[in-house]
Amino acid sequence: MSIKSRTKVREALVSGELEKEITVKGWVRTRRGNKNIAFIALNDGSTLNNIQVVADVPAFPEDLLRQVTTGACISVTGTLTPSMGSGQSVEIQAKSINLYGPADPATYPLQKKGHSLEFLREIAHLRPRTNTFGAILRLRHAMSYAIHKYFNDNGFYYLHTPIITGSDAEGAGEMFRVTTLDMMNPPRTEDGKINYREDFFGKETNLTVSGQLEGEIGALALSDVYTFGPTFRAENSNTPRHLAEFWMIEPEMAFYDIHDNMDLAEDFLKYLINYALEHCNEDLRFLNDMYDKELLSRLNSVINSDFVRITYTEAIDILSSSGVKFEFPTQWGADLQSEHERYLVEKHYKKPVIITGYPKTIKAFYMKQNDDGTTVRAMDVLFPRIGEIVGGSQREENLQALENRIEELGIPREELWWYLDTRRFGTAPHAGFGLGFERMMLFITGMSNIRDVIPFPRTPNNAEF
RNA sequence: UCCUCCUUAGCUCAGUUGGUUAGAGCACCUGACUGUUAAUCAGGGGGUCCUAGGUUCAAGUCCUAGAGGGGGAGCCA
């Protein structure tokens, strides 16, 4: 279903209905020509490609064509014909042109020539009109769709976990406070602290850092669920891999153990890459040619390889005996550093690696402990270029074991009463993981900065647009 | 937050050891050209050299502080 009066550029380029009169609408990328003929490259975002509009200059008001400049928005009605030029197969011979919105070429920031990604970040309101961001945003959409399709086709239900959370026990990072209290003059308790009893929810609330705990509630009722929503971390992280607001996919499955969990993660990641290759080939080819010459070969290599599965202990052994001088020496019990992960993925195995069996001391309280009493059934999926793209685990389903761990770590148990209830009543083995959507987008697009794979990035000191 | 690099025209960048009036390509404006392909050709306009101090006869260039940005690290997805 679409409005009949307008043909999208994507359709027009493949329609094959030559000699037919159509109307296209979009934004001018370039205009070339001379006194007699003008060539207008028009793009409406439906595809990377422009459609060439050919205008017989004397047939149009001079003032109109003068305003058809890079960035202007126009509507063109004309005949779709085979192109006499060599750069495209069809073009539109314009009969009428309507100017929706001019763009003063002296001040319009986008030029037909390329811009640096850093500059485009400063004009995030206009960068969707570039080839690069058009391609990225179409890919982002396709990946979102593929995520829902994959889970739907595999019997998962989409669970909406809360954005505002009253739980501070997720332990995944610093949180953004949500409050309606007057910050200049907040209500106080008798001992001078801020009285959150008078806040909107009657308690301290924050933006979610993970939907996992609620996801587990869903899995222990619907069997297989997933969340896909915004996630917020108030960490002061200034890197090309971190955002304060990002999107995360978190499947949670009843009756899965850690191995089922790894199988799902691997299958899921390969499905998404495959979907992009099948449905977004043109955009991927563009990104491959413009930014990352190895993008397509890397994507193909990942879908055609079996992910390596090793334990944390094996990883430490490999790193220790590698003979490589790391800045941070490897030591059992310490978390793996970026340089260690990169060595394993990019040098040693040259393919994605899943590491399991981490020491419990460096992982979250809800992870299922192994019989050795020292390691947990955690899993991190490490990708070339990205590092950790997925983090997950089998969850501790035993009430006593979970309570003991909460006690050991000094986590306020009152806030988790509902979570513990899932273990108290009809508990079941289950597992799940979190996939950072923008990290996935980094891998899919070959971009190197996470701020370029989300339309409106939020990072420390930046909430413009 | 730490380390490091960068900031010169609308954009991308050059600018030598500190030395006359700060340059180029693209963009923009004017003109030429009857089918262009990031069109081409000719001409023109365009500068708070990030900001504030300092050193010096002299600072785009050296020093100090600050702001903004990139990369690396940590935290993590």
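Note that the coordinates shown come from a computational prediction; the quantities given were computed from them, not determined experimentally. Chain letters run A, B, ... following the sequence lines, proteins first and then strands; every chain starts at 1.
Between the C1' atoms of C26(B) and C41(B), the separation comes to 16 Å (whole Å). Here the separation of U51(B) from U17(B), taken at their C1' atoms, is 27 Å to the nearest Å. Atom name C1', nucleotides G31(B) and G68(B): the rounded distance is 41 Å, in whole Å. If you take atom C1' in C63(B) and the same atom in G44(B), they sit 41 Å apart, rounded to whole Å. Spacing between G19(B) and G66(B) at atom C1', rounded to whole Å, works out to 29 Å. Taking the P atom of each, G23(B) and G15(B) are spaced 15 Å apart, rounded to whole Å. Separation of the C1' atoms belonging to A65(B) and U55(B) is 15 Å when rounded to the nearest angstrom. Between the P atoms of U16(B) and U20(B), the separation comes to 11 Å (whole Å).
The CD-C1' distance, from E341(A) to C75(B), rounds to 12 Å in whole Å. Rounded to whole Å, the distance from CD on E174(A) to C1' on C75(B) is 9 Å. Atom NE2 of H115(A) and atom C1' of A27(B) are 9 Å apart (whole Å). As rounded to whole Å, 13 Å separates atom P of A38(B) from atom CZ of F39(A). The interatomic distance linking E438(A) (CD) with C76(B) (C1') rounds to 13 Å, in whole Å. Counting to the nearest Å, the C1' atom of G10(B) and the OH atom of Y108(A) are 13 Å from each other. Separating the CE atom of M379(A) from the C1' atom of A77(B) is a distance of 13 Å, rounded to the nearest angstrom. Look at CZ on F246(A): it is 12 Å from C1' on C75(B), rounded to the nearest Å.
With sequence neighbours excluded, no residue satisfies ring pair (Phe, Tyr, Trp, His ring centres under 6.0 Å) with H242(A).
Classified by interplanar angle (parallel below 30°, tilted 30° to 60°, perpendicular above 60°), the ring pair F228(A)/F437(A) is perpendicular. Between Y226(A) and Y158(A), the ring planes are parallel. Angles under 30° get that label, and only those over 60° would be called perpendicular. Taking the six-membered ring where tryptophan is involved, the planes of H115(A) and F119(A) are tilted, since the angle between them lies from 30° to 60°. Between Y145(A) and Y275(A), the ring planes are tilted. Angles from 30° to 60° get that label.
Within residues 81-92 of chain A, the residues having any heavy atom closer than 4.0 Å to RNA chain B are, in order of number, S83(A), M84(A), G85(A), S86(A), G87(A), Q88(A), E91(A). Residues from residues 27-35 of chain A lying near RNA chain B, meaning a heavy-atom separation below 4.0 Å, are T30(A), R32(A), G33(A), N34(A), K35(A) in numerical order.
Taking the ring centre of F365(A) as origin, the terminal cationic atom of K360(A) falls outside the region bounded by 6.0 Å and 45° from the ring axis.
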Please set out all donor-acceptor pairs under 3.5 angstrom arising from side-chain atoms of residues 50-60 of chain A, sequence neighbours excluded.
from: N50(A); atom 1: OD1; to: N43(A); atom 2: ND2; distance (Å): 3.0
from: Q52(A); atom 1: OE1; to: R32(A); atom 2: NH2; distance (Å): 3.4
from: Q52(A); atom 1: NE2; to: E91(A); atom 2: OE1; distance (Å): 3.2

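Using a 4.0 Å heavy-atom criterion, one finds that V57(A) contacts no nucleic acid atom at all. Nucleic acid contact for I389(A): sugar-phosphate only, since backbone atoms but no base atoms lie under 4.0 Å from a heavy atom of the residue.
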Listing time: all N or O pairs from protein to nucleotides 69-74 of chain B that are below 3.5 Å?
from: G70(B); atom 1: OP1; to: R121(A); atom 2: NH1; distance (Å): 2.9
from: G70(B); atom 1: OP1; to: R451(A); atom 2: NH1; distance (Å): 3.3
from: G70(B); atom 1: OP2; to: R451(A); atom 2: NH1; distance (Å): 3.4
from: G71(B); atom 1: OP1; to: N449(A); atom 2: ND2; distance (Å): 3.3
from: G71(B); atom 1: OP2; to: N449(A); atom 2: ND2; distance (Å): 3.2
from: A73(B); atom 1: OP1; to: R342(A); atom 2: NH1; distance (Å): 3.0
from: A73(B); atom 1: N6; to: N238(A); atom 2: O; distance (Å): 3.3
from: G74(B); atom 1: OP1; to: Q337(A); atom 2: OE1; distance (Å): 2.4
from: G74(B); atom 1: OP1; to: S338(A); atom 2: N; distance (Å): 3.4
from: G74(B); atom 1: OP2; to: S338(A); atom 2: OG; distance (Å): 2.9
from: G74(B); atom 1: N2; to: N236(A); atom 2: O; distance (Å): 3.2

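Mapping T70(A) and Q111(A) onto RNA chain B via the closest heavy atom, the residue that lands nearer the 5' end is Q111(A).
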Audit row: L284(A), I444(A), side-chain contact (heavy atoms from CB on, under 4.5 Å) steps and yes/no: CA-CA 8 Å; L284(A) 284 177; I444(A) 293 281; 4.3 Å; yes
Assess the residue pair E339(A) and R342(A) against the criterion (salt bridge (Lys or Arg N to Asp or Glu O under 4.0 Å)); give the C-alpha distance rounded to whole Å, side-chain angles, the decisive distance to 0.1 Å, and a yes or no. CA-CA 5 Å; E339(A) 56 175 345; R342(A) 274 203 310 276; over 6 Å; no
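Between N206(A) atom CG and F232(A) atom CZ the span is 11.5 Å, to the nearest 0.5 Å. Atom OH of Y150(A) and atom CG of L269(A) lie 9.0 Å apart (nearest 0.5 Å).
Residues L344(A) and I318(A) meet the side-chain proximity criterion, which asks for heavy atoms closer than 4.5 Å.
Crowding of K293(A) atom NZ: a count of heavy atoms from other residues, nucleotides or ligands under 6.0 Å exceeding 12.
Of the residues R140(A), R241(A), R458(A), the one that meets the salt bridge (Lys or Arg N to Asp or Glu O under 4.0 Å) test with E438(A) is R140(A).
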Nucleotide pairing, RNA chain B (Watson-Crick or G-U, distances under 3.5 Å), in dot-bracket with [ ] and |: (((((((..((((.....[...)))).(((((.......))))).....(((((..]....))))))))))))....
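A distance below 6.0 Å separates the ring centres of F383(A) and F307(A).
You'll find that the side chain of R439(A) is closest to C76(B), out of C11(B), C76(B), U36(B).
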